[in-house]
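One structure is given here, and the rest of the page talks about it.
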Amino acid sequence: MERGAIPTDEIAGAVDVQATLESGQTYLWWRPDGTTYETDGASGGRAWYRTVVDGDVVEVRQTDAAVEWQSTTDADPLVRELLGLNDDLHEIRAAATDDDLTTAAWDAYDGLRIVRDPFFGCLVSFICSAQMRVERIFAMQESLREHYGEPIEYDGETVHAFPEPEALAAATEEDLRDLKLGYRAPYVQRTAEMVATGELTRQDVEGRAYELARETLTDFVGVGDKVADCVLLFSLGYLEAVPLDTWIRSAIEDHYPDCDCGNYADTSRAIREQLGPYAGYTQTYLFHYLRSGGDE
DNA sequence: CTCCAGGGAGCCT
DNA sequence: AGGCTCCATGGA
């Protein structure tokens with residue numbers, strides 16, 4: 001076990017680990033103490049969070065002056081990458097719109113950062129997110145890990161990684177329906193198969209211009225424009241991507257009505273122009289703020 | 001009981 | 001391209 005701490009004064013802007021990992025942008029981290037996000041209890045935002053990346057267990061928690069980590073490897077650069085600690089939040093916020101709603105959302109969760117989830121886990125978890133509540137999306141990923149993820153011995157317990165593409169490709173639709181994935185079961189199986197066989201992979205997406213990258217991602221089964229935007233934003237670092245979900249569509253209707261152009265592509269362009277070059281950052285603040293009841 | 005949740009596929013025009 | 005309809009599951 002290796003440990004370390006990333007001092008907050010090395011990071012450009014504020015850091016809020018809890019807001020980052022509990023805002024519904026990633027479903028690949030969980031609390032090893034078993035407490036759920038809704039029944040926060042005594043953690044006070046200082047709970048440990050755990051994930052597995054490339055076979056290494058990584059845990060983080062926030063303290064007064066640092067982001068602490070412990071891991072099976074030297075995870076310092078990895079933690080900075082996964083939690084978006086390399087993003088200059090001063091610059092990003094300065095580039096955002098400053099209307100009342102956006103300002104309120106940024107003030108409420110200053111320090112929330114865009115994560116960089118591993119590609120396959122991000123892809124699968126957002127395929128699962130279709131017409132599903134945030135709490136249940138977490139439960140579905142946990143179930144996938146427990147049934148199809150590689151076990152890793154860590155600190156006297158067995159931790160399961162997110163399943164490899166090959167493992168989910170080898171599952172049947174019926175197997176995945178048994179895990180309560182519902183109609184998403186064949187989508188997950190087929191997309192896993194596409195990644196496992198090399199029919200379509202992240203290499204076909206990253207590096208491409210934003211709109212072409214989004215279009216390419218929709219070739220995966222169960223991936224439309226919205227899920228594609230989630231993968232671009234929460235895994236591949238396209239900070240301009242704005243997933244047009246029910247919450248942001250409602251915000252557009254109420255606060256940016258001129259941006260509603262009917263179809264996805266045109267509305268996307270309009271809201272990206274409205275929210276600025278890091279539109280995805282502001283989108284994620286708005287999503288978390290609105291979903292937490294901040295606009296009431 | 002009905003309604004809805006970080007939508008997408010298939011089919012129709 | 002745009003507009004249906006159906007799709008599983010579980011909590012309110």
Side-chain angles (χ1 to χ4, degrees), chain A residues 19-29 36-39 105 109 112 114-115 117 121-144 147 171-194 200 211 214-236 238 241-254 260-269 271-272 275 279-295:
Chain A
T20 299
L21 296 180
E22 299 190 10
S23 51
Q25 51 166 322
T26 172
Y27 299 94
L28 305 180
W29 292 79
T36 63
Y37 292 175
E38 304 79 71
T39 58
Y109 295 107
L112 182 159
I114 298 295
V115 298
D117 274 348
C122 183
L123 182 61
V124 169
S125 57
F126 277 97
I127 287 173
C128 291
S129 77
Q131 292 293 99
M132 194 52 56
R133 296 177 197 280
V134 166
E135 298 75 19
R136 284 203 60 220
I137 302 169
F138 279 104
M140 293 161 83
Q141 307 320 302
E142 180 178 17
S143 185
L144 287 173
H147 289 269
T172 67
E173 174 181 338
E174 190 65 21
D175 291 336
L176 297 180
R177 282 182 185 270
D178 287 344
L179 300 188
K180 308 303 181 186
L181 265 61
Y183 61 82
R184 305 154 197 82
Y187 301 163
V188 169
Q189 191 281 329
R190 272 291 295 133
T191 285
E193 197 168 59
M194 292 171 77
L200 186 62
E211 290 190 347
R214 192 181 69 201
E215 189 178 341
T216 302
L217 273 169
T218 61
D219 289 343
F220 283 113
V221 181
V223 178
D225 287 325
K226 186 269 173 186
V227 169
D229 267 329
C230 288
V231 175
L232 291 175
L233 180 59
F234 303 132
S235 176
L236 299 181
Y238 286 75
V242 177
L244 298 180
D245 59 65
T246 52
W247 290 93
I248 199 67
R249 283 180 183 279
S250 174
I252 289 172
E253 187 178 342
D254 294 343
D260 183 1
C261 303
N263 66 68
Y264 194 101
D266 291 339
T267 302
S268 171
R269 279 192 207 95
I271 194 64
R272 279 182 281 127
L275 298 182
Y281 245 99
T282 293
Q283 188 274 359
T284 303
Y285 273 86
L286 291 178
F287 174 80
H288 189 41
Y289 180 69
L290 294 172
R291 211 178 68 84
S292 303
D295 197 33

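Because the structure is predicted, anything quoted here is derived from the model rather than measured. Letters A, B, ... are given to chains in the order of the sequence lines, protein chains preceding strands, and every chain is numbered from 1.
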Exercise for the section: May I ask you to decide whether A/Asp229 forms a salt bridge with A/Lys226, counting only side-chain N to carboxylate O separations under 4.0 Å? Expected result: no
Practice task
Looking at every strand, decide which applies to A/Arg177 at a 4.0 Å heavy-atom threshold: base, sugar-phosphate, or nothing.
Solution key: sugar-phosphate
Exercise for the section: Look at A/Gln131 and B/dG7 and indicate whether a side-chain polar atom (N or O) is within less than 4.0 Å of OP1 or OP2. Expected result: yes
Practice task
Please state the P separation for the pair C/dC6 and B/dT2 - nearest whole angstrom.
Solution key: 16 Å
Problem - Separation between the C1' atoms of B/dA9 and C/dG10, rounded to whole Å - result: 23 Å
Handout entry: Whole-Å distance separating the CG atom of A/Leu179 from the P atom of C/dA8
Key = 15 Å
Exercise for the section: Salt-bridge test for A/Arg177 and A/Glu174: reply yes if a basic N is under 4.0 Å from a carboxylate O, no otherwise. Expected result: no
Handout entry: Separation of C/dC7 P from A/Met132 CE (nearest whole Å)
Key = 15 Å
Exercise for the section: Check every atom of B/dG8, C/dA8, C/dT9 against the side chain of A/Arg136 and return the nucleotide holding the closest atom. Expected result: C/dT9
Handout entry: Touch class at under 4.0 angstrom, heavy-atom based, for A/Phe234 against every strand present
Key = base
Problem - Any A/Asn263 side-chain N or O less than 4.0 Å from OP1/OP2 of C/dA1 - result: no
Practice task
Remember a base hit wins even if backbone is also touched, and classify A/Gly224 as base, sugar-phosphate or nothing at under 4.0 Å, heavy atoms.
Solution key: sugar-phosphate
Problem - For B/dC1, the Watson-Crick or wobble partner whose two distances fall under 3.5 Å - result: none
Handout entry: Distance, rounded to the nearest Å, where A/Tyr183 contributes OH and C/dG10 contributes P
Key = 14 Å
Practice task
Starting from C1' on C/dC7, measure out to CD on A/Glu173 and report it in whole angstrom.
Solution key: 11 Å
